[in-house]
Amino acid sequence: MLHSSSRPGVVGLALGFLAGLGACAPGGAPIGAAGDAAARVYVAPGQHDEIYAFLSGGYSGNVVVYGLPSGRLLQQIAVFSQYPEKGYGYSEQTKGMLATSYGFVPWDDVHHPQLSMTDGMADGRWLFVNGNNTPRIARIDLTRFETEEIIEVPNTAGGHGSPYITENSEYVVSATRFAIPTPQADVSIREGVFGGMISFIKVDPANGHMQLAFQLHVPGYNYDLSRAGRGVSHGWSFFSTYNTEQARTLLEANASQRDKDYIAAVNWRRAEQCVAEGKAEEWKTPYAHNLVGEDDVARTEMIRTQKVLNAKSCPEVMFYLPTPKSPHGADLDPTGEFIVGGGKLATVIPVHSFSKMLKAIEAKDFDGDVDGFPVIKYEATIAGEVENPGLGPLHTEFDGNGFAYTSVFISSEIVKWSLETFKVVDRIPTYYSIGHLLIPGGDTKKPYGKYMVAMNKITKDRYLPTGPELTQSAQLYDISGNKMKLLLDFPTTGEPHYAQALPASVIKDKQLKAYALAENRDPYVTRTEQDVKVTRQGGKVHVNMTAIRSHFLPDNIEGLQVGDSVFFHVTNLEQDWDVPHGFAMLGAQNAELLIMPGQTRTLVWVPQRAGIFPFYCTDFCSALHQEMQGYVRVSPKGSGVPLAWNGGSGTIK
Ligand code: K7E
Ligand code: CUA
């Protein structure tokens with residue numbers, strides 16, 4: 001989103017504009033909706049949607065999955081936030097996902113999902129998302145819809161221009177939003193020298209595992225958004241910058257002085273060469289790498305060094321394209337030839353040409369340099385300027401039929417324009433104040449097109465009011481014809497920024513239905529009811545427990561003591577689709593466990609009082625789900641009550 005300090009003014013403008021539009025239709029009819037909208041979005045009961053859409057959950061820290069065109073919510077994927085519904089970040093197996101160099105960080109602000117790519121097309125293997133606050137990148141496995149890996153990005157503050165993936169998933173690329181001293185230092189805010197960092201994180205094509213390959217040390221601007229080149233521009237990445245003024249206070253005015261900031265064009269193949277030539281230095285900022293192992297347990301490796309390449313030591317690695325004014329989006333058309341800037345304060349949408357850029361570099365058609373980096377003449381790269389784009393253009397997506405669609409925040413609309421004539425051909429209002437927009441495959445070589453989703457920042461009167469906080473508002477448009485048509489409003493959670501979508505057929509038949517019990521390698525797996533047991537090691541008690549419709553074993557345990565750390569390792573013995581069991585313990589100071597078929601999950605409980613404590617299954621699993629419960633007996637510390645349980649070799653019969 002736009003930095004919040006600019007928000008009140010901008011919103012004020014936006015609402016003023018909306019008053020002119022007449023936001024409330026008589027009788028509450030859907031404003032601007034197409035006549036056949038209901039039929040176009042209707043997915044009959046029992047039928048499936050055509051498209052999976054992955055919306056960033058913004059400050060919820062999650063990713064939210066919707067079906068399109070219905071707008072039905074299908075799943076919430078826990079990523080950077082503890083999520084009690086699934087026990088994510090609470091169970092012993094998942095806590096490690098939220099480790100950072102700052103310790104356990106149970107929240108972040110998700111902005112940009114990116115599907116893994118093969119030859120510039122979403123291949124449906126993984127979804128990457130960034131955490132903006134404590135910079136991290138997560139990888140979600142799309143056969144399970146679960147987060148499998150999170151890597152922290154060192155020397156970075158505000159991992160916003162992230163995780164923009166290259167066309168064969170060579171790298172996920174991350175740029176810093178907030179300039180800071182690099183490396184970190186105790187300096188004067190006003191006088192200190194700040195830097196920026198662009199990170200290239202290698203993706204292992206076999207398993208998706210991420211590894212920080214190198215970082216490029218660049219001037220201390222705010223790097224906002226990014227795209228990796230594709231097609232003709234493969235091998236480059238493009239980053240919008242703002243605050244090239246390098247203001248340190250009241251940025252809303254002080255970072256808006258210049259008529260043009262830059263899109264930084266980075267030749268990452270060149271950077272690879274310089275790193276291979278040994279030009280990178282070793283820095284020592286610790287960062288966490290969290291990975292789910294073969295045993296389905298997330299473990300953390302704290303890594304202490306990284307390769308940092310000073311961009312100045314690598315000639316021709318970076319060029320600046322002057323771009324009006326405080327650009328936000330930097331988006332590439334399907335061919336990779338056009339680089340579209342979204343100047344928040346610009347009066348046109350500037351479209352740079354990649355081939356012209358290469359020629360200008362060749363001809364040294366520069367307007368001098370900044371910090372030693374050549375600034376290419378604006379006229380030398382510009383392919384066209386889209387006039388009359390509305391107020392506050394932000395992000396652009398493409399339909400694959402020669403048209404671009406730009407979200408426009410202040411005037412609350414989407415403008416459709418031609419990549420041939422650079423003329424606006426259609427415009428449609430959004431309700432209200434659109435941020436990102438999504439076209440399925442709209443950032444790939446061959447967009448799927450057909451639909452477009454607006455993710456709006458302001459909801460106002462679109463839904464039944466729910467106190468001061470309203471649901472977030474997404475809107476679905478039909479873009480199959482010449483005119484865009486509004487089809488549907490649907491609510492979203494958190495504040496969605498970007499989203500990705502792909503045809504359901506790419507991934508729907510690859511979904512895991514149950515974890516194979518025979519392959520469960522959790523160190524505390526219990527494969528049969530004969531194997532259940534309770535063991536004490538000093539103040540630690542391990543309960544190897546099973547769950548199957550409709551009982552736990554053991555379901556009676558005695559001999560626990562106040563202050564023990566009791567580890568309930570619950571294995572779900574089911575092997576059917578859609579039969580998780582839950583596990584909840586009275587007084588436990590965390591969440592439930594939600595255990596998928598064949599999986600083991602562990603909840604730690606430290607009993608604080610003596611007495612009898614029930615536990616139960618939280619997921620309605622059978623007609624006798626209510627009967628799926630048990631008791632533990634807690635005795636005072638030092639009590640002589642022996643450890644006893646039922647099931648397996650237990651002594652309670
Ligand atoms: Cu909200 Cu991509 Cu973080 Cu624009 S960003 S709106
Ligand atoms: Cu198991 Cu309800």
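Both counts, for ligands and for their atoms, begin at 1 and track the order of listing. When a residue number appears, it is its place in the shown sequence, counting from 1.
Partners of K260 by side-chain contact (heavy atoms from CB on, under 4.5 Å), not counting sequence neighbours, listed by chain and number: P322, P324, Y378. T100 pairs by the side-chain hydrogen bond (donor to acceptor under 3.5 Å, both in side chains) definition with nothing, not counting sequence neighbours. For E245, there are no salt bridge (Lys or Arg N to Asp or Glu O under 4.0 Å) partners, not counting sequence neighbours.
Short contacts between ligand 1 and H328, defined as distances under 4.0 Å to a heavy atom of the residue, involve ligand atoms 4 (Cu), 5 (S), 6 (S). Taking every heavy atom of H395 and a limit of under 4.0 angstrom, the matching atoms of ligand 1 come to 2 (Cu), 4 (Cu), 6 (S). For ligand 1, the atoms sitting less than 4.0 Å from at least one non-hydrogen atom of H112 are 2 (Cu), 3 (Cu), 5 (S), numbered in the order shown with element in parentheses. Annotation for ligand 1: atoms under 4.0 Å from non-hydrogen atoms of K457 are 1 (Cu), 6 (S). Each of the following atoms of ligand 1 lies closer than 4.0 Å to a heavy atom of G435: 6 (S).
Here OG1 of T618 is found 3.5 Å from CD of E592. Values are rounded to the nearest 0.5 Å.
With a cut-off of 2.8 Å, atom 3 (Cu) of ligand 1 has an N, O or S atom of H160 in range. At a threshold of 2.8 Å, atom 3 (Cu) of ligand 1 has a backbone or side-chain N, O or S atom of H111 nearer than that distance.
Ring planes of Y320 and Y221: tilted class, angle from 30 to 60°. The aromatic rings of Y164 and Y498 sit tilted relative to each other, their planes meeting at an angle between 30° and 60°.
Listed here is the closest heavy atom pair of L115 and A501: CD1-O, 4.0 Å.
In this structure, the ring of H112 has its center less than 6.0 angstrom from the ring center of H436.
Protein N/O/S atoms closer than 2.8 Å to atom 1 (Cu) of ligand 2: H581 ND1, C617 SG, C621 SG, M628 SD.
Within the 4.0 Å heavy-atom shell around ligand 1 one does not find E495.
Contact annotation: for L225 versus ligand 1, heavy atoms closer than 4.0 Å belong to the side chain alone.
For the pair P135 and R177, the minimum side-chain heavy-atom distance is 4.5 Å or more.
Look at D333 and R227 and you find no salt bridge, because none of the NZ, NE, NH1 or NH2 atoms lies under 4.0 Å from a carboxylate O.
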